[in-house]
Amino acid sequence: MSLVDSNVNPHTSLTVAKFGGTSVADFTAMSRSAAIIQHAPHTRLVLISACSGVTNILVELANGVTDTQQRHALLTRLTDIHQSVLNQLEQPQQAKEAITILLQNVAELAKKAVIEKSVPLTDQLVSHGELLSTHLFAQILRELGIKAIRFDIRDVMRTDGQFGKAIPQPSIIRQLSEQHLLPQLKEYVVVSQGFIGSDEQGNTTTLGRGGSDYSAALMAEAIGASTLEIWTDVPGMYTTDPRIATKAKPIKEISFSEASEMANFGAKILHPSTLVPAIRQQIPVFIGSSKAPEQGGTWIRETVSDAPLFRALALRCNQTMVTLTSLNMFHAYGFLAEVFRILAEHKISVDLITTSEVSVSLTLDQTDTSGGAPTLPAQALAELSELCRVEVEQDLCLVALIGNQMSSTKGSAKTVFSTLEDYNLRMICYGASPHNLCFLVKAQDAKSAIKDLHCAIFE
């Protein structure tokens, strides 16, 4: 059941495999994922997420649950998820002891969050999802006869101290991996955590929601892997989310450029940062379903044989648009420079931007570990308000059409805008990239806009 290219020699290649939350949701899911590793001698490093649903429980506890009964119920649910896997292990004792200690830590940290919640505490608490799941998965591999060990990724995944959305430091990660991890890979299949890291002081950090894929790509880069496999609950990428458009078609092969746009604009199968390390080192990325590995999946490469005008539609909701208006902007120098100075000072990342003579509209980039919509910090809002009128809108979704040479192909936008003539489109961005055309719509209109576009373009 070889799932990599036939020209890859399993004795000389090194693959990093990452399994998402649904792929390690319970004993059955973990066993399916473990079978993939069993049939892949080239896979030496395995990064996994928390069991499905666990991160949400931990985020809720980190927000400070004052009701003792409710907190106890959440802790019980957390225990039950992991206990159900322990109950089906042949030799649970080693994993059970470690999991008991970790669950006690969670209970203590949840009490602290009631007294005073903080972003560092949230990272410390939320990281336990991956710390727990890796004990179980490593034991399942051992019971299949695989020489496997569990490794704490925090020993090598060095980040800055920006809790909730920490920025990794690739050169240090590579040095630490060569020192602590590569020697282990020669003898063992190493099971470790996605999503989490540590700063220079040893404090636990997280890479933001969905950061497990990014972790895997960083580790693939750090150990010089020849392939990165991302195993999820769907067999690769589609022309859009099949749950929205039932006639969405699978994509067998896609370029780094197209896939990066899809990830950035909301294709949930891939974290926006995932491809950056892969592109730096030209590491092919395979995306497949752990539930049905025989179905194949999507290969993401530098160059592909087919590059159509329209490739796919992506949807990213929970968007925040900020509109800044000032007559001082008219024919003035320095207004935008001052706006972006304020944003940079408060570490606010901007995604899309459009301008007129007297106003500029922009969307705020990314969410943090808590998963909320991006917001302007109060101090940044106050400073911007001294400069201009500030209007903040939420409850918006971003629709992106991904393709090739779109801005230089005559008539490529005609189908899009004629299909969407009954929708109120906001902040249209087109021409900056040959790979996308995107716009905002009201959240209530987003899915129907995707359906109509998919029908007109791909069906």
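Predicted model, so just to flag it, every value in this text is computed and none were measured.
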CD on Gln179 to OG on Ser177, rounded to 0.5 Å: 10.0 Å

Flag, side chain of Glu261 to backbone of His435, donor-acceptor distance under 3.5 Å: no

Working for side chain to side chain contact (heavy atoms under 4.5 Å, CB included), residues Thr159 and Leu207: CA-CA 9 Å; Thr159 73; Leu207 277 59; 4.1 Å; yes

Which donor-acceptor pairs under 3.5 Å do the side chains of residues 185-192 make with protein atoms, sequence neighbours left out?
from   : atom 1 : to     : atom 2 : distance (Å)
Glu187 : OE2    : Lys147 : NZ     : 2.9
Ser192 : OG     : Phe151 : O      : 2.7
Ser192 : OG     : Ile153 : N      : 3.2

Audit row: Lys18, Asp213, salt bridge (Lys or Arg N to Asp or Glu O under 4.0 Å) steps and yes/no: CA-CA 7 Å; Lys18 180 264 173 180; Asp213 290 352; 2.8 Å; yes

Ion pair check, Arg280 and Glu221, cut-off under 4.0 Å: yes

Are the side chain of Thr240 and the backbone N or O of Leu313 linked by a donor-acceptor pair below 3.5 Å? yes

Taking the side chain as C-beta and beyond, is there a heavy-atom pair between Phe163 and Asn203 under 4.5 Å? yes

Apply the test side chain to side chain contact (heavy atoms under 4.5 Å, CB included) to residues Leu387 and Val339: give CA-CA distance (whole Å), side-chain angles for both, the deciding distance (0.1 Å), then the verdict. CA-CA 8 Å; Leu387 190 68; Val339 166; 3.7 Å; yes

Give a yes-or-no answer on whether the side chains of Ser49 and Ser212 include a donor-acceptor pair shorter than 3.5 Å. yes

Side chain of Gln162, backbone of Asp160: donor and acceptor closer than 3.5 Å? no

For Gln444, look at atom CD and say whether over 12 heavy atoms of other residues, nucleotides or ligands are found less than 6.0 Å away. yes

Side chains of His135 and Gln94 only: does a donor on one sit below 3.5 Å from an acceptor on the other? no

pair Val390-Leu376: side-chain heavy atoms closer than 4.5 Å: yes

Please check this pair: side chain of Gln88 against backbone of Ser84, looking for a donor-acceptor N/O pair closer than 3.5 Å. yes

Go through the structure and list residues passing salt bridge (charged side-chain N to carboxylate O under 4.0 Å, His left out) with Glu338, not counting sequence neighbours. Arg341

Polar contact flag, side-chain donor to acceptor under 3.5 angstrom, Glu90-Gln139: no

Heavy-atom closest contact (Arg158 atom, Ile173 atom, distance): N-CG1, 3.5 Å

Side chains of Glu60 and Asn56: donor-acceptor distance under 3.5 Å anywhere? no

Short question: side chain of Arg142, backbone of Ala148 - any donor-acceptor pair under 3.5 Å? yes

Once you round to the nearest 0.5 Å, how far does CZ of Phe19 lie from OG of Ser290? 7.0 Å

Looking only at non-hydrogen atoms, find the nearest pair between Val16 and Ala216 and report the distance. CG1-O, 3.9 Å

Step by step, would you call Thr15 with Leu228 a side chain to side chain contact (heavy atoms under 4.5 Å, CB included)? CA-CA 6 Å; Thr15 294; Leu228 169 61; over 6 Å; no

Does atom NE2 of His72 have more than 12 heavy-atom neighbours, drawn from other residues, nucleotides or ligands, at distances under 6.0 Å? no

Could you check Ile254, Ile279, Leu275, Thr298 and say which one makes a side chain to side chain contact (heavy atoms under 4.5 Å, CB included) with Val285? Leu275

Can you find a heavy atom in the side chain of Arg150 that is under 4.5 Å from one in the side chain of Leu131? yes

Check ion pair Asp233-Lys291 (N to O, under 4.0 angstrom): no

Does atom CD of Gln70 have more than 12 heavy-atom neighbours, drawn from other residues, nucleotides or ligands, at distances under 6.0 Å? yes

If you compare the SG positions of Cys438 and Cys429, is the separation below 2.5 angstrom? no

Residue set satisfying disulfide bond (SG atoms under 2.5 Å apart) with Cys388, at least two apart, ordered chain then number -> none

Mark yes or no for whether Gln394, through its side chain, and Pro374, through its backbone, hold a donor-acceptor pair below 3.5 Å. yes

Enter the distance from Thr303:OG1 to Gln282:CD here, rounded to the nearest 0.5 Å. 8.5 Å

To the nearest 0.5 Å, what is the distance between CG (Leu401) and CZ (Phe439)? 8.0 Å

When rounded to the nearest 0.5 angstrom, what distance separates NE2 in His128 from CG in Leu102? 5.0 Å

Measuring only between side-chain heavy atoms, which start at C-beta, is Pro377 closer than 4.5 Å to Ile348? yes

Between Thr204 and Gln124, do the side chains contain an N or O donor and an N or O acceptor separated by less than 3.5 Å? no

Please step through side-chain hydrogen bond (donor to acceptor under 3.5 Å, both in side chains) for the pair Ser361 and Thr323, ending with a clear verdict. CA-CA 4 Å; Ser361 290; Thr323 301; 3.0 Å; yes

Carboxylate-amine/guanidinium contact Arg301 Glu253, below 4.0 Å: yes

Would His346 and Glu383 satisfy side chain to side chain contact (heavy atoms under 4.5 Å, CB included), going step by step from the backbone distance to the final call? CA-CA 10 Å; His346 294 278; Glu383 290 179 35; 3.1 Å; yes

4.5 Å side-chain heavy-atom contact, His82 and Cys51: yes

Ignoring hydrogens and geometry beyond distance, is a side-chain donor-acceptor pair present between Thr239 and Arg311 at under 3.5 Å? no

List the atom of Leu218, the atom of Pro168, and the distance in Å for their closest heavy-atom pair. CD1-CG, 3.4 Å

What distance do Leu352 atom CG and Leu440 atom CG have between them, rounded to the nearest 0.5 Å? 6.5 Å

Between Ser255 and Glu258, does the side-chain hydrogen bond (donor to acceptor under 3.5 Å, both in side chains) criterion hold? Intermediate values first, please. CA-CA 5 Å; Ser255 70; Glu258 295 169 295; 3.0 Å; yes

For the side chain of Arg426 and the backbone of Val441, is there at least one donor-acceptor N/O pair under 3.5 Å apart? no

Answer whether the closest heavy-atom distance between the side chains of Thr227 and Glu229 falls below 4.5 Å. yes

Can you check whether Ile196 reaches Arg154 side chain to side chain, under 4.5 Å on heavy atoms? yes

Strictly distance-based, threshold 3.5 Å: is any side-chain N or O of Ser215 a donor or acceptor partner for the main-chain N or O of Phe195? yes

Student check: side-chain heavy atoms of Ile283 and Ser226 closer than 4.5 Å: no

